[in-house]
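Everything on this sheet refers to the single structure shown next.
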Amino acid sequence: MSNCKVIALTNQKGGAGKTTTAVNLGVSLAQQGEKVLLIDADAQANLTMSLGYSRPDDLPDTLSNIMQDIIDDKPVDVSKSILHNDEGVDLLPSNIELSELEVRLINAISRESVLKTCIHEVKKNYSTVLIDCMPSLGMLTINALAAADSVVIPTQPHYLSAKGLELLLRSVSKVKWQINPKLLMWKKRRMKLPQSLDCLTLLMWMGQS
């Protein structure tokens with residue numbers, strides 16, 4: 001779909017609500033008629049398990065396989081790795097092999113754009129792609145930010161969360177200026193949000209600069 005929105009959910013602090021936000025937002029959008037793809041970009045595979053796949057290491061095709069094929073310049077069929085979930089969303093799952101792939105990304109050509117290439121293969125089939133990032137600022141998170149149109153940073157009103165947020169915002173800004181100039185951050189303080197904010201309205205607000 002030409003108007004597909006790619007949104008990265010990231011925070012280098014664990015337990016901030018990235019996966020919960022990805023699942024709830026994705027399923028809610030699907031219930032409103034949107035075509036949604038969830039991408040599990042975390043080797044812990046919490047998103048994959050949250051959608052009912054309790055043994056992600058047994059899955060034959062995952063995000064790591066697809067990204068490795070792109071690195072090796074092999075023909076890619078992303079659709080073969082996509083799982084169709086009963087909740088109405090599609091899932092590109094992950095497992096522990098993704099942690100090994102992140103190490104290999106360091107020496108890859110165009111290492112920041114591998115995930116973007118993967119998403120480009122299938123985004124025409126979706127109205128929204130949500131990327132659940134790992135709790136770090138490593139190469140996979142950089143890949144997610146390079147592929148995204150906008151970024152959501154779930155956080156908590158805690159001192160340590162606030163301190164980590166400062167570093168994350170600097171990283172997001174660096175990606176925006178050096179890799180992905182179109183990357184937008186949804187800044188709630190800049191907007192007067194409606195009292196009743198459904199998922200489609202949220203995405204509309206996020207699309208504003």
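R170 is not listed as a side-chain neighbour of K174, based on a closest heavy-atom distance of 4.5 Å or more. For the pair L25 and L130, the minimum side-chain heavy-atom distance is below 4.5 Å. You'll find the side chain of N85 stays beyond 4.5 Å of the side chain of D90, heavy atoms only. Contact check for L145 versus V172: side-chain heavy atoms found under the 4.5 Å cut-off. Looking at heavy atoms from C-beta onward, E97 lies out of side-chain contact with L101 at the 4.5 angstrom threshold. Within the 4.5 Å cutoff, side-chain heavy atoms of I179 are placed close to those of I142. Proximity of K123 to V6: side-chain heavy atoms (C-beta onward) are separated by under 4.5 Å at one or more points. No side-chain heavy atom of D149 sits less than 4.5 Å from a side-chain heavy atom of K182.
Here the closest heavy-atom approach between residue N95 and residue S64 is recorded as OD1-OG, 4.0 Å. I66 and C118 get closest at one heavy-atom pair: CG2-SG, 3.6 Å. Considering every non-hydrogen atom in both G26 and V36, the closest pair reads O-CG2, 3.7 Å. The nearest pair of heavy atoms linking S81 to D61 is OG-CB, 3.2 Å. Across all their heavy atoms, V175 and A146 have their closest contact at CG1-N, 4.2 Å. Scanning both residues, A30 and V89, for their nearest heavy atoms gives CB-CG1, 3.8 Å.
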(Q) Show, in sequence, the C-alpha distance, side-chain angles and deciding distance for E102 and L98, and conclude whether the side-chain contact (heavy atoms from CB on, under 4.5 Å) test is met. (A) CA-CA 6 Å; E102 184 167 36; L98 199 60; over 6 Å; no

(Q) Walk me through whether V23 and L47 qualify under side-chain contact (heavy atoms from CB on, under 4.5 Å). (A) CA-CA 7 Å; V23 171; L47 177 60; 3.3 Å; yes

**Q.** From CA spacing to verdict: side-chain hydrogen bond (donor to acceptor under 3.5 Å, both in side chains), D132, T19
**A.** CA-CA 6 Å; D132 183 28; T19 300; 2.7 Å; yes

**Q.** From CA spacing to verdict: side-chain contact (heavy atoms from CB on, under 4.5 Å), V129, I7
**A.** CA-CA 6 Å; V129 176; I7 303 168; over 6 Å; no

(Q) Walk me through whether V151 and L184 qualify under side-chain contact (heavy atoms from CB on, under 4.5 Å). (A) CA-CA 6 Å; V151 56; L184 299 176; over 6 Å; no

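Side-chain heavy atoms closer than 4.5 Å link hydrophobic residues (I, L, V, M, F, W, Y) into clusters, and following such links, even through other members, never connects I96 to M139. Cluster membership for M49 and M134, using ILVMFWY side-chain heavy atoms within less than 4.5 angstrom, is not shared.
The side-chain hydrogen bond (donor to acceptor under 3.5 Å, both in side chains) pairs that include a residue from residues 47-56 are D40-T48, R55-D58, where partners are two or more places apart or lie in different chains.
The local environment of CG in D86 is sparse, with at most 12 non-hydrogen atoms from other residues, nucleotides or ligands closer than 6.0 Å. Within 6.0 Å of atom CG in D73, 12 or fewer heavy atoms from other residues, nucleotides or ligands are found, so the atom counts as exposed in its surroundings.
By the 4.0 Å N-to-carboxylate-O rule, D42 lies too far from K18 to be salt-bridged with it.
The backbone N or O of L105 sits nowhere less than 3.5 Å from a side-chain atom of R111 that would complete a donor-acceptor pair. In this structure, the side chain of N143 engages the main chain of V114 through a donor-acceptor pair within 3.5 Å.
Between the SG atom of C133 and the CG atom of L168 there is a distance of 9.5 Å, given to the nearest 0.5 Å. How far CD of E121 is from OG of S79: 9.5 Å, rounded to the nearest 0.5 Å. Summarising the geometry, atom NZ belonging to K35 is positioned 9.0 Å from atom OG belonging to S127; distances are rounded to the nearest 0.5 Å. Distance check, rounded to the nearest 0.5 Å: CG of L115 to OG1 of T141 gives 10.5 Å. Going from atom CG of L83 over to atom CG of L91 covers 5.5 Å, rounded to the nearest 0.5 Å. Separating the CG atom in L29 from the CD atom in Q31 is a distance of 9.5 Å, to the nearest 0.5 Å.
Exactly one residue among L140, T62, T117 makes a side-chain contact (heavy atoms from CB on, under 4.5 Å) with M67. That residue is L140.
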